[in-house]
**Q** 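To start, I am sharing the structure in question, which I have written as structure tokens.
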Amino acid sequence: MRHVVLFHSVYGLRPAVRTAADRMRAAGHRVTTPDLYGVAATDTVEDGFALLDKIGHEVVLDRARAALRDLPAETVLAGFSMGAGVAGALLAERPDSAGLLLLHGTGGAPDVVRAGLPVHLHLADPDPYDAPDEVDEWQQAMIDTGADLTVFRYPGVGHLFTDPDLPEYAPEAAAEAWPRVLGFLAAC
């Protein structure tokens with residue numbers, strides 16, 4: 001059983017994030033899903049980016065830090081898309097994290113990753129926000145740092161392919177991803 005903090009995408013705290021947290025809880029994990037915006041989730045990615053711009057990246061990071069304040073040092077940092085970036089950004093401040101779970105986006109600067117850190121990346125292939133050559137470069141840097149990295153690329157799907165409320169939802173890819181995610185958490 002692990003503590004997991006699961007950060008939402010630029011859309012905000014959507015039902016898909018809560019459903020993912022419930023899957024993790026059903027597997028025995030304690031999951032926190034902080035609302036980094038403090039307002040209702042948006043319906044479009046454009047509105048999400050506008051909301052992020054209005055709230056500000058530093059406020060989002062401060063809210064993420066606040067959500068982690070009372071959680072154990074060994075908490076798994078996880079996130080969807082923008083939330084993966086948030087999880088990765090906080091890794092430097094949480095060096096004892098049990099793992100880094102990145103859904104729909106890369107995160108974590110290789111220079112702050114400790115050797116042996118379990119890292120899982122689940123990404124559309126290609127992904128509109130993470131160019132393949134940038135992902136390859138990030139992946140190699142993570143490996144060179146000594147991260148225990150596993151990358152799963154899901155061909156021909158949209159960016160947030162695990163969110164059933166979005167047009168890019170890909171049920172077959174999501175069905176592949178969730179057992180892998182739960183297996184990762186069980187092994188952390």
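The first residue of the sequence shown is numbered 1, and numbering continues consecutively from there. Keep in mind that this is a model prediction, so the values were computed, not measured.
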**Q** Given side chains that start at C-beta, do those of Pro128 and His159 come closer than 4.5 Å, heavy atoms only?
**A** yes
**Q** Could you name each residue pair satisfying ring-ring contact (aromatic ring centres under 6.0 Å, His included) that touches residues 13-64, not counting sequence neighbours?
**A** His8-Tyr37
**Q** Between OG1 of Thr150 and NE2 of His120, what distance do you get to the nearest 0.5 Å?
**A** 4.0 Å
**Q** Shortest non-hydrogen contact from Ala177 to Thr162?
**A** CB-CG2, 4.4 Å
**Q** Under 4.5 Å between side-chain heavy atoms, counting indirect links through other Ile/Leu/Val/Met/Phe/Trp/Tyr residues: same cluster for Phe7 and Val39 or not?
**A** yes
**Q** Looking at CG of Leu13 and OG1 of Thr42, how far apart are the two atoms once the value is rounded to the nearest 0.5 Å?
**A** 11.5 Å
**Q** Between Arg25 (side chain only) and Val31 (backbone N and O only), is there a donor and an acceptor less than 3.5 Å apart?
**A** yes
**Q** Should Glu74 and His3 count as side-chain neighbours, where that means a heavy-atom distance under 4.5 Å?
**A** no
**Q** Check whether Arg94 reaches the backbone of Thr75 with its side chain - one donor and one acceptor, N or O, closer than 3.5 Å.
**A** no
**Q** Mind checking whether Ser81 and Val10 have side chains closer than 4.5 Å, heavy atoms only?
**A** no
**Q** Determine, using the 4.5 Å side-chain heavy-atom cutoff (strictly less than), whether Val5 and Val181 are members of one ILVMFWY cluster.
**A** yes
**Q** Enumerate, atom names and distances included, each donor-acceptor pair closer than 3.5 Å involving a side-chain atom of residues 164-175, sequence neighbours excluded.
**A**
residue: Glu168; atom: OE2; partner: Leu160; partner atom: N; Å: 2.6

**Q** Could you tell me whether the side chain of Thr145 and the main chain of Pro110 form a donor-acceptor pair under 3.5 Å?
**A** yes
**Q** If you apply the rule side chain to side chain contact (heavy atoms under 4.5 Å, CB included), what do you find for Val4 with Leu101, and how did you get there?
**A** CA-CA 9 Å; Val4 180; Leu101 174 60; 5.6 Å; no
**Q** Treat each ILVMFWY residue as a node, draw an edge where side-chain heavy atoms are under 4.5 Å apart, and state whether Tyr154 and Val119 are in one component.
**A** no
**Q** If I compare all heavy atoms of Ala27 with all of Leu182, which pair ends up nearest, and what's the gap?
**A** CB-CD2, 4.0 Å
**Q** Please tell me whether Leu103 and Val151 are part of a single hydrophobic cluster in this structure, the criterion being side-chain heavy atoms less than 4.5 Å apart.
**A** yes
**Q** What residues, two or more places apart in sequence or in another chain, satisfy ring-ring contact (aromatic ring centres under 6.0 Å, His included) together with His104?
**A** Phe80, Phe161
**Q** Would you kindly confirm whether Val157 and Tyr129 end up in one hydrophobic cluster when ILVMFWY residues are joined by side chain heavy atoms under 4.5 Å apart?
**A** no
**Q** What are the two closest heavy atoms between Ala92 and Val112, and how far apart are they?
**A** CB-CG1, 3.7 Å
**Q** May I have the step-by-step check of side chain to side chain contact (heavy atoms under 4.5 Å, CB included) for Tyr11 and Val45, ending in yes or no?
**A** CA-CA 6 Å; Tyr11 282 90; Val45 70; 3.7 Å; yes
**Q** Using atom types as modelled and distance alone, determine if a side-chain donor or acceptor of Arg2 lies under 3.5 Å from a backbone N or O of Cys188.
**A** yes
**Q** Using 0.5 Å steps for rounding, measure from the OG1 atom of Thr44 to the CG atom of Leu51.
**A** 10.5 Å
**Q** Return the CG to CE distance between Leu52 and Met82, rounded to the nearest 0.5 Å.
**A** 6.0 Å
**Q** How many angstroms lie between OG1 in Thr106 and CD in Gln139, if you round to the nearest 0.5 Å?
**A** 11.0 Å
**Q** Minimum heavy-atom separation for Leu6 and Pro34, please, with both atom names.
**A** O-CD, 3.6 Å
**Q** Tell me yes or no: between the side chains of Gln140 and Asp136, is some donor less than 3.5 Å from an acceptor?
**A** no
**Q** Under the side chain to side chain contact (heavy atoms under 4.5 Å, CB included) rule, what do Leu61 and Val86 come out as? Steps first, then yes or no, please.
**A** CA-CA 7 Å; Leu61 288 175; Val86 170; 4.1 Å; yes
**Q** Are the side chains of Leu68 and Leu77 in touch, meaning some heavy atoms are under 4.5 Å apart?
**A** yes
**Q** Please find the pair of heavy atoms, one from Asp148 and one from Gly116, that lie closest to each other, and give the distance.
**A** CB-O, 3.8 Å
**Q** Search all heavy atoms of Leu102 against all heavy atoms of Ala84 and return the closest pair with its distance.
**A** CD2-O, 3.6 Å
**Q** Surrounding CZ of Arg65 (heavy atoms of other residues, nucleotides or ligands, distance under 6.0 Å), is the total greater than 12?
**A** yes
**Q** I need the Arg23 CZ to Leu185 CG distance, nearest 0.5 Å.
**A** 12.5 Å
**Q** Does some side-chain heavy atom of Trp138 sit less than 4.5 Å from a side-chain heavy atom of Leu149?
**A** yes
**Q** Could you walk me through whether Val135 and Leu121 satisfy the side chain to side chain contact (heavy atoms under 4.5 Å, CB included) test, starting with their C-alpha distance in whole Å, then the side-chain angles of each, then the deciding distance to 0.1 Å, before giving a yes or no?
**A** CA-CA 10 Å; Val135 174; Leu121 171 63; 4.2 Å; yes
